[in-house]
Protein chains: 4
Amino acid sequence: MDAKSLEELLYIEGEQMKMSEKQRLILNAAIEMFAEKGFASTSTSEIAKKAGVAEGTIFRHYKTKKDLLLSIVMPTVTKVVAPAFAKNFSKEVFEQDYPSYEVFIREMLNNRFEFVKKHFPVLKIFIQEAFYQEEFRNVYKQVFNEHVYDKFKHIIEHFQSTGELRDLPADTIIRTTISSIIGLIITRFLLMGEEMDEELEKERTIQFILYGVKQKR
Amino acid sequence: MDAKSLEELLYIEGEQMKMSEKQRLILNAAIEMFAEKGFASTSTSEIAKKAGVAEGTIFRHYKTKKDLLLSIVMPTVTKVVAPAFAKNFSKEVFEQDYPSYEVFIREMLNNRFEFVKKHFPVLKIFIQEAFYQEEFRNVYKQVFNEHVYDKFKHIIEHFQSTGELRDLPADTIIRTTISSIIGLIITRFLLMGEEMDEELEKERTIQFILYGVKQKR
Amino acid sequence: MDAKSLEELLYIEGEQMKMSEKQRLILNAAIEMFAEKGFASTSTSEIAKKAGVAEGTIFRHYKTKKDLLLSIVMPTVTKVVAPAFAKNFSKEVFEQDYPSYEVFIREMLNNRFEFVKKHFPVLKIFIQEAFYQEEFRNVYKQVFNEHVYDKFKHIIEHFQSTGELRDLPADTIIRTTISSIIGLIITRFLLMGEEMDEELEKERTIQFILYGVKQKR
Amino acid sequence: MDAKSLEELLYIEGEQMKMSEKQRLILNAAIEMFAEKGFASTSTSEIAKKAGVAEGTIFRHYKTKKDLLLSIVMPTVTKVVAPAFAKNFSKEVFEQDYPSYEVFIREMLNNRFEFVKKHFPVLKIFIQEAFYQEEFRNVYKQVFNEHVYDKFKHIIEHFQSTGELRDLPADTIIRTTISSIIGLIITRFLLMGEEMDEELEKERTIQFILYGVKQKR
DNA sequence: TATGAATGAGAGTTCATTCAT
DNA sequence: GATGAATGAACTCTCATTCAT
């Protein structure tokens, strides 16, 4: 990954952003290896070799191996979960940007799909570790609760009030919408790869969310 | 896990089924630890201690640590993916069992949900490893292709011919249906735990699959 | 050191005493190296090499390097400080064994001198570490207070009551007596070595303690 | 420690004396850390941090870490051992300063006691290292032999000739005198600390040296 | 068949020292 | 002169695996 993208991805507000060249090499190598073999199965000596630095150099920048993992994964969590909802939802902006739920989920799906495509290795690392580290799951939950849930719910209720959406509980709509999007993403990035017709399946997923699979009577 | 369940779960056709007592202790301990901490982060000595056997005993039954992993995970793949479709689809059986797509997915969802509930640790191990071992993903794909895909497609086409299902491509319906089910399962077993109202969310997921979230006009 | 001596030296009451052959080799090597180069400057790989075992073997027997140090040093503290006072001081035994303060300190000096001669390396290790680890000093103090001080004081007061000893405070007599003995021991084992005429200097030290260096008028 | 004291302590005749500010910071930090944790257990980075300089700066002033140790310890040896005997023993000066052995040892004890109190950390470092580095012990022996032994012996013989001292061998008197003083110093600075009544114990030690503990008949 | 002591390769980490700036 | 990033050897400790009992 080039220096700029990496810094943008791993930048946390309030932290100093500048990375040294070696640090970038280390992070890129670590992301690649962790994504490929998993955190526990990747040795710091492998990372050092791939990065082309001495093993000691890793520990000059990151106190422990776990520290290196966190510095890769933590800043990403926010960025993957929140941005679709980061906009300032003033009424005008909102109604202009999202005239319908369809426009909203289409934008969200496209936006997150591209993000995942660009940063898939880091996300893979996050997901893997979230399996066994509660710490990781909690960060995800926290970000979701703080930045996403209320706004998402608000949007749904808005479109229920306009009559576009059925009167299902917002929670269920949130879960099923997200499930469908994540299901698409997993299918594309973990199971099928390039052989999938991306645009077609994205569109179908949107239609599925919107109309369901059952024929209208 | 008791001896019988374990043998059933890990039994592969054509193999000798009898397990010694020690072997069962080892497998149970390994499943628990692998699920909790991951394969790479679990040491054989931890397994031995938890199983109450000597370290050497593990290697008497399983040539390597990886061997132990495979003997846990491989037989499970088939069992988790296939059984809903394992029935003999003679016309009568089928029409009798599944008078509608709704009945079919309700049964499938309930059935898989219970299976996951019962064998969650083993499945967690499989998923974790599938992330980085193509070998694992391929086994999954193969089982899916061999035992599931054709039958699932056949069912969909059947209900499209009866007019119950819309004329979406079967692949899309398969993917979205499975996505929704897996989404529910992940939400329940990885994110929310017991705090979720299982029966309610199951029903809503089914409704979502069937009708979608969009109001019918 | 032979197996028997080592076990006797490092045995702690209430612990299991049997040492494996390898364990003995490790302890002997560790004592030798720690005494020669100090704890911090001795690497576990050196110890392993000198003991003729694999490095891993050390950690099978001792959880950490520090553990190895403690298992050498702790049991010795008691044995070096206490035994001269370990006898059961029933009145008869006492008056029979120590008809005078002179007999008492002569026995104590000889006894401790021989013990130091036999176990000098272990004691050297203890002293070194006591310099910077309060933990070590406290163990020493505790043993001294519990097993030595009262009895020593009692003896002194006894010989003050018989008129053999001057009416100095017991604490001062204790400190100066011990100082003189330790001074002799340090001179012999750290500064001069074999070139010192042991018996002569022991006798002179006893005379010094008893009569002082100043001429009687 | 202030600049002047430090320079005085570590000054060796014939060397250039000026220390830079940074050098002083480094030496003070090193003395403190070495005394607290021992030479081998103190890292140069700790010293640099405590001194508030960069790690590289240490190596600009001292070729190696050991060099730093030597530059602290070596000049001190002379100063701790010799000064009591450094005076020019012209007959007049001597008889005027030391009209009796008692006056002599009282002055020596007080003088060395104050020196140790002032420079305890450096001395602690020296003693620690003297345990395993013969080089250090030899320096001590050499200084003792060159600057102390003959003069001390001469003093003793003088007071034997005046009849103040008993006809013990001078070596024994030297050893026991020094032992008693060192014993007091160790008790004060390593074992008891401030809780000891300094003046009282100093006086008692002198009395012990002079009269011994045994009652005069 | 089961044991557990022993192994040695390799893990993560520290550290004295170097050197370009 | 001072810096501190970089180094790589060496450190303590872990681990899957072996094998004599």
Side-chain angles (χ1 to χ4, degrees), chain A residues 20-23 25-26 39-49 51-68, chain B residues 20-23 25-26 39-49 51-68, chain C residues 20-23 25-26 40-49 51-68, chain D residues 20-23 25-26 39-49 51-69:
Chain A
S20 77
E21 172 66 10
K22 301 261 172 191
Q23 205 170 347
L25 290 168
I26 290 167
F39 173 72
S41 301
T42 301
S43 73
T44 49
S45 84
E46 282 174 297
I47 295 170
K49 198 179 294 171
V53 303
E55 210 172 341
T57 307
I58 294 175
F59 292 92
R60 170 159 290 277
H61 290 286
Y62 304 93
K63 251 184 7 187
T64 64
K65 190 188 166 195
K66 176 140 197 207
D67 226 56
L68 174 58
Chain B
S20 77
E21 172 67 9
K22 301 260 172 195
Q23 208 169 346
L25 290 168
I26 290 167
F39 173 72
S41 301
T42 301
S43 72
T44 48
S45 84
E46 281 174 297
I47 296 170
K49 194 183 292 171
V53 304
E55 271 198 77
T57 308
I58 293 175
F59 291 91
R60 181 152 295 280
H61 290 285
Y62 305 92
K63 232 162 31 105
T64 64
K65 190 187 168 196
K66 175 139 199 205
D67 230 55
L68 174 57
Chain C
S20 76
E21 173 67 8
K22 301 261 172 193
Q23 206 169 346
L25 290 168
I26 291 167
S41 302
T42 302
S43 73
T44 49
S45 85
E46 282 175 297
I47 295 170
K49 197 179 295 170
V53 305
E55 207 172 344
T57 307
I58 293 175
F59 292 93
R60 171 158 290 277
H61 291 286
Y62 304 92
K63 252 181 7 180
T64 63
K65 190 188 166 194
K66 175 138 197 209
D67 226 55
L68 175 56
Chain D
S20 78
E21 172 66 9
K22 300 259 173 196
Q23 209 170 345
L25 290 167
I26 291 166
F39 172 72
S41 300
T42 301
S43 71
T44 49
S45 83
E46 282 174 297
I47 295 170
K49 195 183 294 170
V53 304
E55 271 197 78
T57 308
I58 293 175
F59 290 90
R60 182 152 294 280
H61 290 286
Y62 305 92
K63 231 161 34 99
T64 65
K65 190 186 166 196
K66 176 137 197 207
D67 229 55
L68 175 57
L69 172 67

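Every chain is numbered from 1, with letters handed out A, B, ... down the list of sequences.
Between dA6(F) and Arg60(A), no contact under 4.0 Å exists linking OP1 or OP2 to a side-chain N or O. Proximity of Lys66(A) to the phosphate of dG12(E): no side-chain N or O atom is located under 4.0 Å from OP1 or OP2. The side chain of Thr44(C) places an N or O atom within less than 4.0 Å of a non-bridging phosphate oxygen (OP1 or OP2) of dT12(F). In terms of phosphate contacts, Lys63(A) brings no side-chain nitrogen or oxygen within less than 4.0 Å of OP1 or OP2 of dG12(E). An OP1 or OP2 oxygen of dG1(F) is reached within less than 4.0 angstrom by no side-chain nitrogen or oxygen of Ser20(D). Taking side-chain N and O atoms only, His61(C) has a distance below 4.0 Å to OP1 or OP2 of dA6(E).
Looking only at atom types and distance, the side chain of Glu55(C) has no donor-acceptor partner in the side chain of Ser45(C) under 3.5 Å away.
In this structure, Thr44(D) and Phe59(D) have side chains that are in contact, with non-hydrogen atoms separated by less than 4.5 Å. At least one side-chain heavy atom of Leu68(D) sits less than 4.5 Å from a side-chain heavy atom of Ile47(D). Ser20(C) is listed as a side-chain neighbour of His61(C), based on a closest heavy-atom distance under 4.5 Å.
Computed from coordinates, the Lys22(C) NZ to dT21(F) P distance equals 12 Å when rounded to whole Å. As a whole-Å value, the separation of Leu25(C) CG from dT7(E) P is 10 Å. The separation between Tyr62(B) atom OH and dT1(E) atom C1' is 15 Å, rounded to whole Å. Per the geometry, CD1 belonging to Ile26(D) stands 10 Å off C1' belonging to dA2(F), to the nearest Å. One can place CD of Glu21(D) at 17 Å from C1' of dT3(F), the figure rounded to the nearest angstrom. When rounded to the nearest whole Å, the span between CG of Leu68(C) and P of dC13(F) equals 10 Å. In this entry the distance linking NZ of Lys49(A) with P of dT7(F) reads 15 Å, nearest Å.
When each of dA5(F), dA11(E), dT17(E) is scored by its nearest atom to the side-chain atoms of Ser43(A), the top-ranked nucleotide is dA11(E). Taking the side chain of Thr57(A) as heavy atoms from C-beta on, and the options dT3(F), dA6(F), dA6(E), the nearest nucleotide is dA6(F). The side chain of Phe59(B) has dT17(F) as its nearest neighbour among dT7(F), dA2(F), dT17(F). Among the nucleotides dA6(E), dT17(E), dT12(F), the one closest to the side chain of Glu55(C) is dT12(F).
Both distances falling under 3.5 Å, in either a Watson-Crick or a G-U wobble arrangement, place dT21(E) opposite dA2(F). Across every strand in view, dG12(E) sits in a pair with dC11(F) that passes the Watson-Crick or G-U test at under 3.5 angstrom.
Lys22(C) places no side-chain N or O within 3.5 Å of a backbone atom of Gly52(C) that could act as its donor or acceptor partner.
Along DNA chain E, the nucleotide closest to Ile58(C) and the one closest to Ala40(A) are compared, and the more 5′ of them pairs with Ile58(C). Residues Lys65(A) and Gly56(C) both approach DNA chain E. Their nearest nucleotides, taken by heavy-atom distance, put Gly56(C) toward the 5′ side. With DNA chain F read from its 5' end, the first of the two nearest nucleotides for Ala54(D) and Ser41(B) is the one closest to Ala54(D).
More than 12 heavy atoms of other residues, nucleotides or ligands lie within 6.0 Å of NZ in Lys66(C), so this atom counts as buried by the packing criterion.
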